[in-house]
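Read the structure below first, then the notes.
Computed from a predicted model, the values in this text were never measured in an experiment.
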Amino acid sequence: YQRRVHGTLSECLFFFVIFVMEIELCPGYKVEVKATGVGVWHVVVLQPPLPRLPQFCHATVCSGGTIQLSGAIGCKQTELCLVSGGISSETTAALEILETVVKALGLSLASVTKFNVFLDSNSRERFHSMNEAYGAFFAARDAPPAARITVGCQGLALGAQVEL
């Protein structure tokens with residue numbers, strides 16, 4: 001069953017049983033919401049189009065209003081391929097994708113409580129490059145950065161250097 005609804009996320013999710021809806025939570029953004037169980041909804045941002053693997057959604061909304069964002073790598077906004085320019089560019093691109101997902105849900109980055117950052121082959125230089133881009137991203141938006149952890153790992157999707 002598919003239905004188009006306009007309104008806030010909580011107003012729209014109140015009417016779910018088990019079906020799919022397209023929702024416009026704020027002008028210029030459209031999301032598809034799939035009820036997957038009692039109190040759990042998977043969200044895919046349809047407009048503007050964002051890169052994602054078909055196995056994943058952009059966010060999961062749980063009963064009580066908690067929203068979990070899927071990880072993002074530094075892809076171009078409309079393609080599933082990495083931006084050029086290294087770890088700084090990938091960090092900025094990943095944050096822009098996450099910012100779009102949050103906006104599509106009718107929220108802002110001020111709503112984010114924590115980021116988990118994964119750096120491929122972590123080193124002091126790579127951490128510094130990511131940290132500079134992370135700080136610059138939030139400074140450009142005059143927003144305080146959320147709490148964050150950063151861990152090293154091996155082999156991120158598509159050969160990415162960073163995932164948030």
Whether [X] side chain and [Y] backbone form a donor-acceptor pair below 3.5 Å:
| X | Y | value |
| --- | --- | --- |
| S89 | V83 | no |
| N116 | I149 | no |
| H58 | V45 | yes |
| S111 | S108 | yes |
| T66 | C62 | no |

Inset, instruction - Tell me, yes or no, whether the heavy-atom count around Q77 atom CD, taken from other residues, nucleotides or ligands under 6.0 Å, exceeds 12. - result: yes
Would you check if [X] and [Y] make a side-chain contact, meaning some heavy-atom pair closer than 4.5 Å?
| X | Y | value |
| --- | --- | --- |
| N122 | C153 | no |
| F137 | T91 | no |
| V31 | V44 | no |
| L164 | L95 | yes |
| Y29 | P48 | yes |
| L105 | V43 | yes |
| F56 | H42 | no |
| F118 | L156 | yes |

Legend entry - Steps toward side chain to side chain contact (heavy atoms under 4.5 Å, CB included) verdict (V162, V117): CA-CA 7 Å; V162 62; V117 180; 3.8 Å; yes
Minimum-distance pair of heavy atoms, taken over all atoms of [X] and [Y]:
| X | Y | result |
| --- | --- | --- |
| L80 | C75 | CD1-SG, 4.0 Å |
| A133 | T92 | CB-OG1, 3.9 Å |
| Y134 | P145 | CE2-CB, 3.6 Å |
| I97 | I73 | CD1-O, 3.6 Å |
| A160 | D120 | O-CB, 3.7 Å |
| S129 | S88 | O-OG, 3.4 Å |

Inset, instruction - Supply the atom-to-atom distance E96 CD to K103 NZ, rounded to the nearest 0.5 angstrom. - result: 10.0 Å
Legend entry - Value rounded to 0.5 Å, distance of CD1 in I87 from CD in E125: 11.0 Å
Legend entry - Given M130, Q161, E163, the one that forms side-chain contact (heavy atoms from CB on, under 4.5 Å) with L119: M130
Legend entry - Cluster overlap L46 with L50, hydrophobic side-chain contacts below 4.5 Å: no
Inset, instruction - Kindly determine whether N131 and R126 satisfy side chain to side chain donor-acceptor pair (under 3.5 Å), including the steps that lead there. - result: CA-CA 8 Å; N131 203 45; R126 293 169 71 73; over 6 Å; no
